[in-house]
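What follows is a set of notes on a single structure, which appears directly below.
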Amino acid sequence: RSTLFPYTTLFRSGSAYYFSVTRDRIVAMKDYFISDPHFGHRFVSRLRGFDDPYKHDRYLYEQWMDKLPSNERIRLWMLGDLYCGKPPAEEKALRFIAQFRDDLLARKNTDMWMEALLGNHDQAHPMKRNNLRSLRNFNRVFDSVQTVARYSLNGSLVMLHHFPYSGDYEPEKTMQFRLHDLGQTLIHGHTHSGEQISWSDKGTLQVNVGVEACPLNQIGRASCRERV
């Protein structure tokens with residue numbers, strides 16, 4: 001357990017480090033972070049070694065079900081790109097993650113709050129035309145829907161956002177929707193990089209919780225205690 005962040009517990013899986021955070025507020029609640037599952041996305045499924053999106057999605061489902069705790073209240077932060085595609089893909093992905101939440105309660109007696117931070121492939125994101133319809137759909141499933149959030153680790157402010165400050169592909173296409181780098185640690189997704197830790201152009205810590213950085217058999221618990 002961290003002395004800097006007393007509600008933070010460090011885990012190690014191979015060469016990767018994860019931490020889970022217990023928020024001692026009204027009730028104790030562990031927070032979990034993941035980004036870019038891309039449910040139903042054939043191209044990304046193939047990049048991850050699956051010839052069928054259904055097999056990819058079921059693998060994530062079963063592995064996350066196995067890794068998440070029993071008999072607890074937890075919060076899942078989904079940092080964008082739940083899916084990729086047109087309205088039928090959105091409906092299917094939202095139904096899938098809602099079913100996962102229901103099954104987690106039924107199978108493991110764990111009540112999961114779900115907070116969505118929208119990504120560039122989510123049609124609810126404000127960069128998309130006519131995003132309000134999709135936003136209503138997301139609000140029916142998630143407990144909150146936003147593009148950015150602040151997260152306090154024992155008084156230290158961490159930002160949550162789909163995009164990194166810098167260092168990813170084609171940033172000019174999304175520049176209007178990115179955070180300014182003011183030196184606060186950022187937990188993000190988007191890059192599809194296998195590296196969890198990077199540094200922005202200004203030297204700010206960036207923690208990647210995309211599926212590729214948090215191995216497919218893990219639900220991302222976010223990053224290195226020693227560096228945050």
Side-chain angles (χ1 to χ4, degrees), residues 20-21 23 25-27 29-42 44-45 53-151 160-163 177 187-190 209-211 214 216 218-222:
S20 66
V21 182
R23 302 190 69 177
R25 303 285 183 171
I26 300 175
V27 294
M29 182 178 293
K30 288 183 179 179
D31 287 299
Y32 292 81
F33 304 85
I34 198 68
S35 184
D36 299 270
H38 283 256
F39 294 131
H41 192 178
R42 184 174 299 278
V44 170
S45 296
Y54 176 80
K55 295 178 181 178
H56 166 269
D57 297 353
R58 291 302 304 182
Y59 184 81
L60 289 179
Y61 174 103
E62 293 297 340
Q63 294 297 320
W64 293 356
M65 183 67 67
D66 179 63
K67 299 298 179 182
L68 288 172
S70 300
N71 304 312
E72 291 196 27
R73 299 187 72 183
I74 66 174
R75 187 192 326 265
L76 175 65
W77 294 88
M78 180 69 68
L79 271 69
D81 288 3
L82 181 71
Y83 72 102
C84 180
K86 296 181 179 180
E90 175 184 279
E91 180 182 355
K92 186 175 181 180
L94 288 172
R95 187 167 58 245
F96 185 87
I97 195 66
Q99 187 64 55
F100 177 81
R101 177 179 56 193
D102 292 345
D103 292 349
L104 183 65
L105 180 61
R107 291 170 58 176
K108 304 189 76 170
N109 193 37
T110 289
D111 182 18
M112 183 172 71
W113 295 10
M114 297 196 305
E115 320 292 351
L117 277 74
L118 300 170
N120 56 298
H121 285 293
D122 299 317
Q123 293 300 312
H125 196 284
M127 71 171 60
K128 303 294 186 180
R129 290 185 178 182
N130 304 316
N131 72 309
L132 293 181
R133 178 179 178 180
S134 291
L135 186 59
R136 287 192 291 269
N137 294 336
F138 268 74
N139 276 314
R140 293 187 185 103
V141 173
F142 286 90
D143 295 288
S144 74
V145 183
Q146 50 201 319
T147 59
V148 60
R150 297 191 305 176
Y151 189 85
L160 308 179
H161 192 52
H162 178 66
F163 302 111
F177 300 96
I187 298 177
H188 70 91
H190 183 62
V209 293
V211 166
C214 299
L216 283 175
Q218 293 282 344
I219 187 85
R221 294 175 180 167

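How far CD of Glu115 is from CZ of Phe33: 10.5 Å, rounded to the nearest 0.5 Å. Remark: Ile34 CD1 to Leu76 CG distance equals 8.0 Å, nearest 0.5 Å. If you take NE2 on His121 and NE2 on His38, they are separated by 5.0 Å, rounding to the nearest 0.5 Å. Atom OG of Ser70 is separated from atom CE of Met65 by 10.0 Å, given to the nearest 0.5 angstrom. Rounding to the nearest 0.5 Å gives a distance of 13.5 Å between CZ of Arg133 and CZ of Phe138. Rounded to the nearest 0.5 Å, atoms CZ (Arg58) and NZ (Lys55) are 13.5 Å apart.
Remark: side-chain polar atoms of Tyr83 are paired, donor with acceptor, to backbone N or O of Gln123 under 3.5 angstrom.
Considering Asn120, Val211, Leu118 in turn, Asn120 is the only one that fulfils the side-chain contact (heavy atoms from CB on, under 4.5 Å) rule with Asp81. Each of Asp143, Thr110, Asp111 was scored for a side-chain contact (heavy atoms from CB on, under 4.5 Å) with Arg101, with one residue passing: Asp143. Test Ile97, Leu104, Asp103 against Tyr61 for side-chain contact (heavy atoms from CB on, under 4.5 Å) and you get one pass: Asp103.
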Q. Run the side-chain contact (heavy atoms from CB on, under 4.5 Å) check on Thr147 and Phe177 step by step: do they pass?
A. CA-CA 9 Å; Thr147 59; Phe177 300 96; over 6 Å; no
- Item | Test log, rule side-chain contact (heavy atoms from CB on, under 4.5 Å), inputs Met29 and Trp113 | CA-CA 10 Å; Met29 182 178 293; Trp113 295 10; 3.7 Å; yes
Set out, in order, the CA-CA distance, both residues' side-chain angles and the distance that settles side-chain contact (heavy atoms from CB on, under 4.5 Å) for Tyr151 and Trp77, then state yes or no. CA-CA 11 Å; Tyr151 189 85; Trp77 294 88; 4.0 Å; yes
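Partners of Asn109 by side chain to side chain contact (heavy atoms under 4.5 Å, CB included), not counting sequence neighbours, listed by chain and number: Asn71, Leu105. Asp57 is linked by a side chain to side chain contact (heavy atoms under 4.5 Å, CB included) to Phe39, Phe96, counting only residues two or more places apart in sequence or in another chain. Listed by chain and residue number, Leu135, Val145 satisfy the side chain to side chain contact (heavy atoms under 4.5 Å, CB included) test with Asn139 (two or more places apart in sequence, or in another chain).
The number of heavy atoms from other shown groups lying within 6.0 Å of NZ (Lys92) does not exceed 12.
Put simply, the side chain of Ile74 reaches to within 4.5 Å of the side chain of Pro69, judged on heavy atoms. By the 4.5 Å heavy-atom criterion applied to side chains, His162 and Leu117 are not counted as neighbours.
Between Glu62 and Arg107, at least one side-chain nitrogen of the basic residue sits less than 4.0 Å from a carboxylate oxygen of the acidic one, meeting the salt-bridge criterion.
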